[in-house]
Structure formats: structure tokens, C-alpha cells
Amino acid sequence: MRTPAAQAGVTGLQAGSSMARSPIMSRYNFRESEAKWQRIWREQRLFEVAAEPGRPKYYVLEMYPYPSGKLHVGHVRNYTIGDLVARYRRAQGFNVLHPMGWDAFGLPAENAAMAENIHPAIWTHENIKTMRAQLERMGFGYDWSREIATCHPDFYRHQQKIFLDFLAAGLAFRTESWVNWDPVENTVLANEQVIDGRGWRSGATVEKRLLAQWALRITAFTEELLDAIGQLERWPERVRLMQENWIGRSEGARVCFAVAGTDERIEVFTTRQDTLFGASFLALSPNHPLSLRLAEKDPGVSAFIAECNRMGTSEAVIETAEKRGYPTGLEAVHPFDESRHVLVYVANFVLMEYGTGAIFGCPAHDQRDLEFARKYRLPVIPVVLPPGEDPATFTIGDIAYVDDGMLINSAFLDGLSVAEAKRAAGERLEKLGLGERTTVYRLRDWGVSRQRYWGCPIPVIYCSACGIVPVPEKDLPVILPADVSFDVPGNPLDHHPTWKHVPCPVCGGPAQRETDTLDTFFDSSWYFLRFCSARAPVAFEREAVDYWMPVDQYIGGIEHAVLHLLYSRFFTRALKQCGYLNLDEPFAGLFTQGMVYHETYQSENGEWLFPEEVVTGEGGRLVDLAGRPVTAGRHEKMSKSKKNVVGLDVIVDMYGADTARLYLLSDSPPERDLEWTETGIEGIWRYVNRLWRMVSEPPVALAAPGTPIPAALPPAVEGTRRATHKTIAAVTDDLDKFRFNRAVARIRELTNTLEELPSSEPGAAEVLREGLETLTRLLGPMMPHLAEEMWQMLGGEGLLADQPWPVADPQLTRDEQVTIAIQVNGKLRGTLEIPRDLDNLAVEEAALALPHVLRWLEGQPPRKVIVVPNRVVNIVA
RNA sequence: GCGGACGUGGCGAAAAGGUAGACGCAGCAGACUUAAAAUCUGCUCCGGGAUACCGGGUGCGGGUUCGAGUCCCGCCGUCCGCACCA
């Protein structure tokens, strides 16, 4: 209980202009406190660590940010979770590596260069400066001595060496791949720059173009990457599933169709060789070699292919586009029946990158084929009979039948199940020499060339005499030129007057540098290794990596579930093959946090408004600052375009870092999306002050630090002490399982309990001290500044950050009395207080004696009684 | 289109197959105050009832079970990824 005496006579500390209204109630001065503790942590180099062989380590890493400008509150959820884990493991005695860096190359810097006429390097460095200051203000315990930026030559010189080693090992190679081409800007567009088939700036219809590019042979590790997913025990199941599906192992068969009247053969890949007798057409990818040859003679085919090439390169676009085909006039001969011919189409939905770039269509048993067949009036022959259907009457309507059944209309396959028919058809194909059973994967090699300036230069030189020549190691790094112009569309490196012209390292003749740069996923595939020895003259020191790797806890957004995480897994293996390290999996534990949402606001004329431009007017209606009406819209992921962002600085100015941190941890489970609300953050701010007052103005004089707690306590005081120890156990368990919102709820429960402690009872002073010290330690990883302040006020020694994590006394976490539920026919009819582990018969007797139970039994003996020890009794009447 | 997830009060949520709604936000009533803010106390899933209590209730429809928010089958809705955004 708070007493008026405790509130009186304390001067109001100025805690933020909007908050410091009270002359009576004291407020926590977070500004002074947060700056002070941040200074002390920095001065003591608290979070700078070195490898200590023999001491257990813990590597915590949050996915490093792209320096896009200023942070909003949505950005820091990730880092708040990471800092909690880092400080928690530190308190548990681990040598914790918790570094931070910048994913500093990328497209937005070039967009800014064009839009605002600012150099990408300057834009990036200014953003880094701003964001670093913002992270420091949040009190995150990073080892800043290991800070890296991928755009720094000290980082990318090593990356260029890695590229050359990959090249030497055959893991990097030249290939051709398709890109989105903007014919007006003369530029390659990223998928996100293609909107409804048009360039986002020019509005021109985007074309597909084939370009010679560098790629990495991730497919050399396909099976390994797939098989090892099973060992990633501390990864979310959904991420493992997504990676499995991405790699996409399919067992099936290659089947050769001869083209009637020619020597031409078309090889298709199928997983449904059992349905070959239901084939009614063949479809070729528009990029299939045969399609291209046909196009040379047939203007219709040529026009159709050109039309397909006007579609973007992204799979989502291709798969959602209307399925269309163009008849080539060719007929293919059925491999099992020479008398049967099927039409050959070129079709826009067949991908050259997958299988053989050609398919056979069996409309009866594949939905997409069925729609195609209906559209072009092709036969639909059912060959798999669903159980219980009559073969004489079974027909296919609008829905293809894709499940198991018995083969019909299929000659030697008739009567078999789908699995048996797959085997039999495969064997027959092999015997006829017309095909073979095979396994294909969806995973493609990774194209790493980007026709852009702001990326790591690819260290190769093209010589007309010597061909592709790697830049000699002594000439690394190949440095990006600073004097570039974005006035001309296209790649500034290519336009640069001198940069690309160099003598050939082999023959000394005139040669040209590669002007493509590396995909930024290349940077992020090894940055976590660089952190282990961030200033090393090599990419990373072997001993440092041996000590610190793998990352024990990696934390980031679910949007990286496949690409970044799969590329990093591949990279680690590729580096192992090149002798860099001895490790397969870079991330032992992975956690993917949800996004942060906020309500959107629109003015009368449909313009988006920032939350701070909206106030509640008369009658609770929303208005803008000029009093004009505002419509509140959907709650969406915070984004600049919809303006539904809450700036981090605004929140930290108004409430402090700790309040923001606790809100981000407490409101929703971390894996789920979180709704940012102004009232929610105010609630946390009130709680922060409550905690501060509990320690600065305790209701009873606390016992001196270290005073032993009396063995015998009055029941109410004993109950509080038990609550303290139960909270330690529960919070520890919750933190281990990433249930931060629950942990916060437990801590708040303990706060409530401590406030209700009867202060006049014997032992209260000692139990309250234990409770408050515990509370402080448990809060440490969440609200580190406030916790230090509380620790100091409690007279604790040294820094709270150096204190060990509390341990619960098992004697005090077990209750001797339990409350169990009494049900009749599964419905709750009462509860019963019984001693723990009372034997079932006694429990049953007590339950049956309850007046309520007797009423519901109406004098009849129960038919059955189920007793679940210490939980429930269910009486079946 | 393919792949993945999610759905519980006015809101964020909690519940090893065992008392649905802990903890918090918002709201209502009260205390303190000239007043407000801050703080404190109480109430708050829906319907009936003065209370006791009774009935209903976890997106929708089925099923398994002594017992289902939780497990199974089928729908509906929302969100995320799809290889050049990071």
C-alpha cells in the first residue's frame, strides 16, 4: 500500500516536458538516468568482449539493418529482443558477443542519389551516424569496437578475396539469366521496381532480357542443405518448412517424346509419369531451345514469345498471369503408344529454369493443365479412378482429380495404384530407353551480378586476349570510384570515363574491369563471421570463428526465412570447402519476430497523415492539427509510404528508452505482429514510475542489504516470499522460451503482490527487500537503465549488469495446497482446496461430498469418476 | 498460382487436452483535489437474475474424448514470402 507520507515532500523531477506536470508525485527522471548509465557502461567497456577459450560463449546477433534513414519504433523490436537475450545470457555467466553493423550497400542509396542528388556514400554514412546514435540512446549493449559497414573497403576487400576463391573452386561461374529491362531508362530493374509490368519511374513496359552474369553454385550443396534442415533444432518449424519447400525436391521422371515427322525430341520432366496415358498436350517454355528455333521460321511463335518476354521475371507474376499457349503445329508421339499424337504448345507458364523447360499436360489430374485444356478444347482423359467411382461413368468436371486411386484407360498400368503406376511407368520408360526416373530440385543457382554502382565490385577483368582474368590478390581491394554521375541512366561504373579501363594483369594489354557489382545478399552471407574478428587483416581469424561460431541466437524478420538464411547456410559450406573454416551451419538458434503495426490516417482528400498530425477533437472525433476531420484506416505494418510510423526519437524523448523497450516486449508474443498504440506506451510509462517509487519511496523501511530472512514468517508474508521465488522460476522459463510478454506479466504480478505486502507484519522488511532486489534483477535485461537506478537505490554493490541471474529456491516454488476443479459431465461445478498429491480415492470422496456435486447427481451414483492429480475431478453422471 | 502462418472480451493477450479471459489497455463508478492532471479503491465476456446461481461463449461446420481454445477433417477471412527490396 502506498501511504500519503511516501508521496509528500518529494520534489517533482522534470521528466520530459509533457510529462512533468506534477509538483506532488515524483517522477523518474529517465533523461538523466539513461544518459548516465549509458556513459558508465561505455566508460567501463562493459560490452566489449574477447574470446576466452575454455569459457562458455554465447553469440547473439540481430539481423543487421539497412541504413535507410531514421529508425522508427518498428525497427527496434528486433534489437530490443536481442539485447534482452544478450543481457540475460550475460547474467547467466556466458561470455556474450553482441555486435552491430550495417548492411550498407544497396538500391535505396542509389534511388536517393537520383532523387535528392546526394552521393550514395554520403547518404549512407549520414544514415549510419543517425541510426547508430539512435541505437545508443536505446541503451543496447553492443560491442561497438566490432562495428562494420559492408560499404567500407576494409570489409569488401575480404569479400572480393572470397569471390576469387569461389571462382578458383568452381563455385562462382558465368551464366546467362533473365532480367527485367526498362527500355526507356536503359536499366535493369529489381522486381519491386516493376509495377504491373511497367517500370516504376519511366512507366515503360518492362521487357525480359538475357544477360551474361555471375552466379554461385548453391546447387552443388542442394541435398546437403536439404538434409541438414533436420538438424536445425532451434529454428522455427515454419522456416524449416519454407526452406524445404524452396529447395523443392521432386521425384519423378524424364520422358522423351519424339516429334512426329522430324528427328526432334522433346524431353519433359514430370512427377506424374503414372498419368502418361492421360496426356493431351506438350508445352514448351518460351525460352526453350526448340521454341526459339521454331520462332525463327514461324512469326506467330516469335510474336508469342515476344509477348511472354514482355512479362516480368518474378515467379509470382508468371504464376498469376492468365495461362496461355500458342500451338506450334508440331505433334509429339506418345512414348507408350506410337499411334497417339499430342499437340505441342509454347506456354507462358512453363519455366525454363525448372526441370527440362518442357512439360506434358494431363488435364484430368492437374488443375492448371485442366484449365489449359478447357481453354484450347483439348481432350480430358481420366486415368486415375477415385475410390468408389464407376470407371464407365467417371468424368472430370471443373476440378482435376489429384489424389490416389486406381489406374484406368492406361494399358499396362490399368488396375495399379498411383504409386505402383509411377514405378511401373518409370521402369517401362527405362526399358524403352525413352526416359528415366530422376529427382529434380526447384532450387536454382544464385545470380549475384547487379548492374549497379552501390555494391561490392566484382574483382575480375575482361581481356580480349586472355579472357576472364581474376584481379590479382595484391591489387585488392578493387575500390568503387567516388566520382560518379547518376545523370545518365544505367550503371555509373560503366559510364565512368576511366575506372574500368585497366591493363590486363596477365598480358598487360588493354582490358576492362567487370562493371557489375555483387548482390547485397553476398555481403550478408558472411558478415556474422567478420564480427568474430572485425579488425583482422583477413576476412576472419580461424581461432576467433572456432570460438564464437555458430551464432547461438540469431534474431530477425520472417521475411528472410528463405533467401538470406539459405544463402548464409550455403556460404558457410562453400567457405568450408575453400578451407576458411570448419563449420556447416552458421545459426544454431533462430528466432523470427513479428512486425509492428500502427493505425493509418487519411485526410478528407485522401492524403496519408503521420500519427502526430492527428488529435482527438470534440466528441472523440479524429481531426488534424487544423481541426479538419480525419479518417482512421486499417492497421498496417509501419511504412513510410502510409506515414503510419512512430519515430523512435519522439518516443525516447517523451518516455525514455526503457519504456519503449518494455512496451515492445510486453504487448504481444514476439513472433506475432504487434500493434503500437499511444495508450499502451503510456501504460508502460505509468508502470515505470510505479517501480521507481516502490524503490525510492518504499512503504516500509527496507531491511539492510544482506539481512537474513527469518525462517518463520506469518502466512501473508510467507506468501509474498513464495510469489517472489515462483516469479524467478517462471520468468526464467519464459525467457528461455522467448515468451517475453508472459515474463512481463509475471513481473507485473509480482509488483502487485509486493505492493500488497502487509507492512506491519514481522519479516516484511526483509521479504520486501528480497522481492525488490529480485524484481530489479528480473527487469535488468528489459529495462537496463531503470534497473541500474533501482539497484543503486537499493544499495546494491557495483553494476546490476554485473549481477548474476537470480535462482529460485525449489522449496518455495512448490505449494502444499492446491486448488482443483470439480466438473460434472465436463462442466465446472466447483473447486476444492486439497493438500498436494492427496491420493485419488480421497480426492474423489471429497469431490463427491460437495453440496453442488450432490445436487447435480440428483441422488444417482456417478457412472464414472476421472481424477487428474492436482488438477481436476470429472464426475460422469 | 505456389509455399508458410494467423484467427479467443471494446482492444493487446493468457491458458503441459483439465477452473477460458492471468497480465495490461480502454471504459464506468468512487477517494484525494477549488478543479484538472497524477495517484489510489472497486467494477467490467454476453443473456437472465437482487445475490446465490443458471444458460451461452475461443472465425464457421463436422468429428475424436470423461473433458477441446488446444487434436483430426472440411470451409471462410487476414497477413507474409516467391529468387534484382532488404
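In what follows, every heavy atom counts, from backbone to side chain, and hydrogens, waters and symmetry copies are set aside. Chain A is the first sequence line, chain B the second, and so forth, proteins listed ahead of strands; every chain is numbered from 1. Since the model is a prediction, treat every value here as computed from it, not as a measurement.
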- Task: Verify the distance criterion only: is there a donor paired with an acceptor across the side chains of A/Thr187 and A/Asp182 at less than 3.5 Å?
- Result: no
- What is the pairing partner of B/C2, taking Watson-Crick or G-U wobble pairs with both distances under 3.5 Å in any strand? B/G81
- Touch check for A/Arg871, heavy atoms < 4.0 angstrom, all strands: base, sugar-phosphate only, or nothing? base
- Message: Considering every strand and a 4.0 Å limit on heavy-atom distances, what is the contact class for A/Ser524: base, sugar-phosphate, or nothing?
- Response: nothing
- Message: In this structure, how many angstroms lie between the C1' atom of B/A13 and the CD atom of A/Glu671, rounded?
- Response: 12 Å
- Going by atom types only, do A/Ser666 and A/Tyr687 share a side-chain donor-acceptor pair under 3.5 Å? no
- Query: Does the gap between the ring centers of A/Tyr663 and A/Trp676 come in under 6.0 Å?
  - Reply: yes
- Message: If the threshold is 4.0 Å, N to carboxylate O, is there a salt bridge linking A/Glu237 and A/Arg240?
- Response: yes
- Strand partner of B/C75, provided both Watson-Crick or wobble distances fall under 3.5 Å: B/G59
- Item | Value in whole Å for how far the P atom of B/G4 lies from CG of A/Leu566 | 16 Å
- Touch check for A/Asn874, heavy atoms < 4.0 angstrom, all strands: base, sugar-phosphate only, or nothing? base
- Nucleotide by nucleotide, nucleotides 69-86 of chain B touches protein heavy atoms under 4.0 Å in the pattern (B base, S sugar-phosphate only, - none) ---------SSSSBBBBB
- For B/G10, is chi within 90° of 0 (syn) or not (anti)? anti
- Query: Counting only Watson-Crick or G-U wobble pairs whose two distances fall under 3.5 Å, which nucleotide matches B/G69?
  - Reply: none
- Item | Distance-only donor-acceptor check, side chains A/Thr313 and A/Asn191, under 3.5 Å | yes
- Message: Side chains of A/Tyr597 and A/Ser668: any donor to acceptor distance under 3.5 Å?
- Response: no
- Item | pair A/Ile229-A/Arg569: side-chain heavy atoms closer than 4.5 Å | yes
- Message: Any donor-acceptor pair, under 3.5 Å, between the side chain of A/Gln823 and the base of B/G18, if you only look at N and O atoms?
- Response: yes
- Decide whether A/Asn825 and A/Arg863 meet the rule of one side-chain donor and one side-chain acceptor closer than 3.5 Å. no
- Please determine, for B/G30, whether a Watson-Crick or G-U wobble partner exists with both distances under 3.5 Å, and give it or none. B/C40
- In whole angstroms, how far is the C1' atom of B/C2 from the CG atom of A/Leu351? 11 Å
- May I ask you to verify if any side-chain N or O of A/Arg672 is less than 4.0 angstrom from the OP1 or OP2 atom of B/G7? yes
- Item | Short side-chain N/O contact from A/Asn825 to OP1 or OP2 of B/G67, under 4.0 Å | no
- Under 4.0 Å: is that the gap between some side-chain N or O of A/Lys827 and OP1 or OP2 of B/G56? yes
- What string of B, S and - do you get for nucleotides 24-33 of chain B 5' to 3' if you count protein non-hydrogen atoms under 4.0 Å? SSS-------
- Item | Watson-Crick or G-U wobble partner of B/C53, both distances under 3.5 Å | B/G48
- Item | Ion pair A/Arg272/A/Asp366, N-O distance below 4.0 Å | no
- Does A/Ser668 place a side-chain N or O at less than 4.0 Å from the phosphate oxygens OP1/OP2 of B/A13? yes
- Aromatic plane relationship, A/His564 with A/Phe521 - under 30° parallel, 30 to 60° tilted, over 60° perpendicular: parallel
